[in-house]
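What you see is a predicted model; the values in this text were computed from it and never measured. Heads up: numbering here begins at 1 and tracks the sequence.
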Amino acid sequence: MSEAHVLSAGGTVESPPAGPVRRVYLALEMAVLYGAVPIGLHFLMQAERIPIFFALIPVLAAIVVILLADSTFRLRDELWRGFSWLTLASILCLFAVGGGAAALWVKQTHPSWFLEFPTNRPEIYKRVVLLYPLFSVLTQEIVYRTFYFHRYGPLFGEQQWLGIVTNGLLFGFAHIVVGSTVAVITTLFGGILLALRYSATRSFWAVFVEHTLWGWLIFTIGLGRFFFTGVPSIK
(Lines give C-alpha, C1' and ligand atoms only; values in the text may rest on other atoms or scores of the structure.)
Protein backbone atom coordinates (compact mmCIF):
# COMPACT_ATOMS: atom_id res chain seq x y z
CA MET A 1 0.00 0.00 0.00
CA SER A 2 1.21 3.48 -0.69
CA GLU A 3 0.55 6.41 1.58
CA ALA A 4 0.21 10.03 0.54
CA HIS A 5 0.30 12.86 3.03
CA VAL A 6 -1.46 16.06 2.08
CA LEU A 7 -0.29 18.91 4.27
CA SER A 8 -3.15 21.25 3.52
CA ALA A 9 -6.49 20.86 5.26
CA GLY A 10 -8.20 21.42 1.94
CA GLY A 11 -8.02 17.90 0.49
CA THR A 12 -6.53 16.21 -2.54
CA VAL A 13 -5.72 19.44 -4.32
CA GLU A 14 -5.08 22.45 -2.13
CA SER A 15 -8.15 24.67 -2.04
CA PRO A 16 -7.73 28.41 -2.39
CA PRO A 17 -7.67 30.40 0.87
CA ALA A 18 -11.15 31.27 2.07
CA GLY A 19 -11.88 34.98 2.40
CA PRO A 20 -14.41 36.36 4.93
CA VAL A 21 -17.41 36.02 2.61
CA ARG A 22 -16.38 32.53 1.53
CA ARG A 23 -15.90 31.49 5.15
CA VAL A 24 -19.38 32.65 6.10
CA TYR A 25 -20.86 30.82 3.12
CA LEU A 26 -19.01 27.60 3.96
CA ALA A 27 -20.02 27.82 7.62
CA LEU A 28 -23.68 28.22 6.69
CA GLU A 29 -23.46 25.39 4.16
CA MET A 30 -21.86 23.15 6.77
CA ALA A 31 -24.62 24.02 9.27
CA VAL A 32 -27.28 23.03 6.75
CA LEU A 33 -25.66 19.80 5.57
CA TYR A 34 -24.46 18.55 8.95
CA GLY A 35 -27.11 20.14 11.16
CA ALA A 36 -30.43 20.65 9.39
CA VAL A 37 -30.22 17.55 7.18
CA PRO A 38 -29.74 15.05 10.07
CA ILE A 39 -32.65 16.67 11.91
CA GLY A 40 -34.81 16.33 8.79
CA LEU A 41 -33.75 12.70 8.31
CA HIS A 42 -34.53 11.98 11.96
CA PHE A 43 -38.13 13.12 11.62
CA LEU A 44 -38.47 11.43 8.23
CA MET A 45 -37.26 8.11 9.58
CA GLN A 46 -39.44 8.34 12.67
CA ALA A 47 -42.54 9.15 10.60
CA GLU A 48 -41.98 6.92 7.58
CA ARG A 49 -39.69 4.25 9.11
CA ILE A 50 -37.30 4.51 6.16
CA PRO A 51 -34.15 2.39 6.72
CA ILE A 52 -31.09 4.53 7.35
CA PHE A 53 -29.21 2.79 4.51
CA PHE A 54 -31.70 4.15 1.99
CA ALA A 55 -32.18 7.54 3.66
CA LEU A 56 -28.46 8.23 3.16
CA ILE A 57 -28.52 7.67 -0.61
CA PRO A 58 -29.88 11.13 -1.63
CA VAL A 59 -27.43 12.76 0.80
CA LEU A 60 -24.54 10.93 -0.85
CA ALA A 61 -25.82 11.90 -4.30
CA ALA A 62 -25.90 15.60 -3.37
CA ILE A 63 -22.38 15.47 -1.92
CA VAL A 64 -21.00 13.68 -4.99
CA VAL A 65 -22.53 16.31 -7.27
CA ILE A 66 -20.87 19.10 -5.26
CA LEU A 67 -17.54 17.29 -5.32
CA LEU A 68 -17.65 16.58 -9.04
CA ALA A 69 -18.43 20.26 -9.69
CA ASP A 70 -15.36 21.25 -7.65
CA SER A 71 -12.37 21.72 -9.97
CA THR A 72 -9.95 21.29 -7.06
CA PHE A 73 -11.20 17.79 -6.25
CA ARG A 74 -10.22 14.56 -8.02
CA LEU A 75 -12.39 11.59 -7.04
CA ARG A 76 -10.04 9.21 -8.86
CA ASP A 77 -7.11 10.43 -6.77
CA GLU A 78 -9.15 10.08 -3.58
CA LEU A 79 -10.14 6.49 -4.34
CA TRP A 80 -6.72 5.54 -5.69
CA ARG A 81 -4.84 6.64 -2.58
CA GLY A 82 -3.93 3.70 -0.36
CA PHE A 83 -2.37 3.47 3.06
CA SER A 84 0.73 1.93 4.55
CA TRP A 85 1.15 -1.38 6.30
CA LEU A 86 2.05 0.61 9.42
CA THR A 87 -1.33 2.32 9.26
CA LEU A 88 -3.04 -1.05 8.83
CA ALA A 89 -1.17 -2.38 11.86
CA SER A 90 -2.28 0.65 13.86
CA ILE A 91 -5.90 0.12 12.83
CA LEU A 92 -5.83 -3.57 13.73
CA CYS A 93 -4.03 -3.11 17.05
CA LEU A 94 -6.40 -0.39 18.19
CA PHE A 95 -9.35 -2.48 17.09
CA ALA A 96 -8.06 -5.58 18.87
CA VAL A 97 -7.57 -3.74 22.16
CA GLY A 98 -10.65 -1.50 22.05
CA GLY A 99 -12.89 -4.08 20.43
CA GLY A 100 -11.79 -6.79 22.82
CA ALA A 101 -12.50 -4.53 25.78
CA ALA A 102 -15.95 -3.63 24.40
CA ALA A 103 -16.83 -7.29 23.79
CA LEU A 104 -15.68 -8.26 27.29
CA TRP A 105 -17.73 -5.44 28.83
CA VAL A 106 -20.91 -6.51 27.03
CA LYS A 107 -20.40 -10.16 27.92
CA GLN A 108 -19.88 -9.40 31.60
CA THR A 109 -22.45 -6.65 32.11
CA HIS A 110 -25.16 -7.63 29.61
CA PRO A 111 -24.68 -11.33 28.85
CA SER A 112 -28.13 -11.61 27.23
CA TRP A 113 -27.04 -9.10 24.57
CA PHE A 114 -23.78 -10.85 23.66
CA LEU A 115 -23.94 -12.39 20.17
CA GLU A 116 -27.71 -11.96 20.30
CA PHE A 117 -28.05 -10.62 16.77
CA PRO A 118 -26.03 -13.29 14.87
CA THR A 119 -27.48 -16.04 17.07
CA ASN A 120 -31.18 -15.15 17.03
CA ARG A 121 -31.49 -13.42 13.66
CA PRO A 122 -28.68 -14.89 11.52
CA GLU A 123 -30.18 -14.09 8.12
CA ILE A 124 -30.77 -10.41 8.94
CA TYR A 125 -27.33 -10.28 10.55
CA LYS A 126 -25.69 -11.59 7.37
CA ARG A 127 -27.50 -9.00 5.26
CA VAL A 128 -26.47 -6.19 7.61
CA VAL A 129 -22.84 -7.33 7.57
CA LEU A 130 -22.90 -7.36 3.77
CA LEU A 131 -24.81 -4.11 3.19
CA TYR A 132 -23.34 -2.02 6.00
CA PRO A 133 -19.97 -1.30 4.32
CA LEU A 134 -21.51 -0.80 0.87
CA PHE A 135 -24.32 1.55 1.81
CA SER A 136 -23.61 3.00 5.24
CA VAL A 137 -19.82 3.15 5.69
CA LEU A 138 -19.10 4.21 2.11
CA THR A 139 -21.64 7.02 2.33
CA GLN A 140 -20.59 8.20 5.78
CA GLU A 141 -16.89 8.30 4.94
CA ILE A 142 -17.40 10.21 1.69
CA VAL A 143 -19.72 12.69 3.43
CA TYR A 144 -17.92 13.05 6.76
CA ARG A 145 -14.28 12.60 5.86
CA THR A 146 -13.62 13.07 2.11
CA PHE A 147 -16.12 15.88 1.54
CA TYR A 148 -15.77 17.49 4.96
CA PHE A 149 -11.99 17.83 4.93
CA HIS A 150 -11.82 18.93 1.33
CA ARG A 151 -14.71 21.38 1.46
CA TYR A 152 -14.39 22.82 4.95
CA GLY A 153 -10.67 22.47 5.61
CA PRO A 154 -10.13 26.17 4.72
CA LEU A 155 -12.42 27.14 7.60
CA PHE A 156 -9.91 25.81 10.12
CA GLY A 157 -6.62 26.77 8.47
CA GLU A 158 -3.67 25.65 10.57
CA GLN A 159 -5.94 24.62 13.45
CA GLN A 160 -6.52 21.13 12.12
CA TRP A 161 -7.27 19.88 15.63
CA LEU A 162 -10.36 22.11 15.65
CA GLY A 163 -11.49 20.64 12.34
CA ILE A 164 -11.01 17.13 13.75
CA VAL A 165 -12.99 17.83 16.93
CA THR A 166 -15.74 19.56 14.93
CA ASN A 167 -15.89 16.55 12.63
CA GLY A 168 -16.37 14.24 15.60
CA LEU A 169 -19.13 16.44 17.04
CA LEU A 170 -20.97 16.60 13.72
CA PHE A 171 -20.56 12.87 13.15
CA GLY A 172 -22.02 12.13 16.57
CA PHE A 173 -24.87 14.57 16.00
CA ALA A 174 -25.72 12.85 12.71
CA HIS A 175 -26.66 9.74 14.65
CA ILE A 176 -29.73 11.40 16.12
CA VAL A 177 -31.38 9.76 13.11
CA VAL A 178 -31.37 6.42 14.95
CA GLY A 179 -32.94 7.95 18.06
CA SER A 180 -30.33 6.71 20.53
CA THR A 181 -28.28 8.81 22.96
CA VAL A 182 -25.78 5.96 23.23
CA ALA A 183 -25.25 6.07 19.45
CA VAL A 184 -24.69 9.83 19.49
CA ILE A 185 -22.11 9.72 22.30
CA THR A 186 -20.15 6.72 21.06
CA THR A 187 -20.03 7.90 17.46
CA LEU A 188 -18.81 11.31 18.62
CA PHE A 189 -15.64 9.65 19.88
CA GLY A 190 -15.58 7.29 16.92
CA GLY A 191 -15.83 10.28 14.60
CA ILE A 192 -12.82 11.90 16.26
CA LEU A 193 -10.85 8.67 15.80
CA LEU A 194 -11.75 8.46 12.11
CA ALA A 195 -11.10 12.17 11.59
CA LEU A 196 -7.64 11.75 13.14
CA ARG A 197 -6.97 8.80 10.87
CA TYR A 198 -8.09 10.62 7.75
CA SER A 199 -6.20 13.78 8.68
CA ALA A 200 -3.01 11.73 9.10
CA THR A 201 -3.34 9.56 6.00
CA ARG A 202 -5.77 11.34 3.64
CA SER A 203 -6.83 7.82 2.73
CA PHE A 204 -10.50 7.06 2.18
CA TRP A 205 -9.73 3.34 2.31
CA ALA A 206 -8.02 3.58 5.69
CA VAL A 207 -11.11 5.06 7.34
CA PHE A 208 -13.39 2.79 5.31
CA VAL A 209 -11.66 -0.29 6.70
CA GLU A 210 -11.50 1.05 10.25
CA HIS A 211 -15.14 2.17 10.25
CA THR A 212 -16.28 -1.19 8.83
CA LEU A 213 -14.44 -3.16 11.50
CA TRP A 214 -15.97 -1.19 14.35
CA GLY A 215 -19.43 -1.36 12.81
CA TRP A 216 -19.24 -5.13 12.39
CA LEU A 217 -18.11 -5.45 15.98
CA ILE A 218 -21.00 -3.35 17.28
CA PHE A 219 -23.58 -5.44 15.44
CA THR A 220 -21.92 -8.68 16.52
CA ILE A 221 -21.41 -8.17 20.26
CA GLY A 222 -24.89 -6.84 21.00
CA LEU A 223 -24.64 -3.08 20.72
CA GLY A 224 -26.39 -2.94 17.35
CA ARG A 225 -29.65 -2.31 19.23
CA PHE A 226 -28.50 1.29 19.66
CA PHE A 227 -27.54 1.83 16.02
CA PHE A 228 -29.89 -0.14 13.79
CA THR A 229 -33.69 0.00 13.91
CA GLY A 230 -33.87 -3.61 12.73
CA VAL A 231 -32.36 -4.83 16.00
CA PRO A 232 -34.59 -4.98 19.08
CA SER A 233 -33.83 -1.94 21.23
CA ILE A 234 -33.83 -1.46 24.95
CA LYS A 235 -36.58 0.92 26.04
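- Every residue two or more places apart in sequence or in another chain that forms a side chain to side chain contact (heavy atoms under 4.5 Å, CB included) with Ile142 is listed here: Leu60, Ile63, Leu67, Leu138, Phe204.
- The ring pair (Phe, Tyr, Trp, His ring centres under 6.0 Å) check on Trp161 picks up nothing, with sequence neighbours excluded.
- Here the straight-line distance linking atom OG of Ser199 with atom CD1 of Ile192 works out to 12.5 Å at 0.5 Å rounding.
- Among residues two or more places apart in sequence or in another chain, the salt bridge (Lys or Arg N to Asp or Glu O under 4.0 Å) test is passed with Lys107 by none.
- For the side-chain hydrogen bond (donor to acceptor under 3.5 Å, both in side chains) with Glu78, the lone residue among Arg76, Arg81, Arg74 that qualifies is Arg81.
- In this structure, Glu158 has no side chain to side chain contact (heavy atoms under 4.5 Å, CB included) partners at least two apart in sequence or on a different chain.
- Atom CG of Leu194 and atom CD of Glu210 lie 5.5 Å apart (nearest 0.5 Å).
- With rounding to the nearest 0.5 Å, the separation of NE2 in His211 from OG in Ser136 is 5.5 Å.
- One finds the CG atom of Leu213 at 6.5 Å from the CG atom of Leu92 (value rounded to the nearest 0.5 Å).
- Judged as a side chain to side chain contact (heavy atoms under 4.5 Å, CB included), and not counting sequence neighbours, the contacts of Ala103 are Phe114, Ile221.
- The two residues Tyr144 and Asn167 have their closest heavy-atom pair at O-ND2, 2.5 Å.
- Side-chain contact between Phe173 and Pro38 is present, with heavy atoms from C-beta onward closer than 4.5 Å.
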- Leu170/Met30 under side-chain contact (heavy atoms from CB on, under 4.5 Å): CA gap, chis, key distance, verdict: CA-CA 10 Å; Leu170 294 174; Met30 184 168 66; 4.1 Å; yes
- Evaluate the side-chain contact (heavy atoms from CB on, under 4.5 Å) criterion for residues Tyr125 and Asn120: first the C-alpha distance (whole Å), next the side-chain angles of each, then the deciding distance (0.1 Å), finally the verdict. CA-CA 9 Å; Tyr125 173 76; Asn120 298 334; over 6 Å; no
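- Looking at heavy atoms from C-beta onward, Arg197 lies out of side-chain contact with Arg202 at the 4.5 angstrom threshold.
- Applying the side-chain hydrogen bond (donor to acceptor under 3.5 Å, both in side chains) test to residues at least two apart or on different chains, the pairs with a partner in residues 28-37 are Tyr25-Glu29, Glu29-Arg151, Glu29-Tyr152.
- The distance from the OG1 atom of Thr212 to the CD atom of Glu141 is 8.0 Å, given to the nearest 0.5 Å.
- For the atom pair CG (Leu131) and CD1 (Ile124), the distance works out to 12.0 Å, reported to the nearest 0.5 Å.
- For the pair Leu162/Phe156, a side-chain contact is recorded, criterion being any heavy-atom separation below 4.5 Å from C-beta on.
- Proximity of Phe171 to Arg145: side-chain heavy atoms (C-beta onward) are separated by under 4.5 Å at one or more points.
- Hydrophobic cluster membership is shared by Phe189 and Leu94, with clusters built from Ile, Leu, Val, Met, Phe, Trp and Tyr side chains linked at under 4.5 angstrom.
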- Query: Passes ring pair (Phe, Tyr, Trp, His ring centres under 6.0 Å), Phe83 versus Trp205? Steps please.
  - Reply: CA-CA 7 Å; Phe83 56 97; Trp205 296 112; 8.9 Å; no
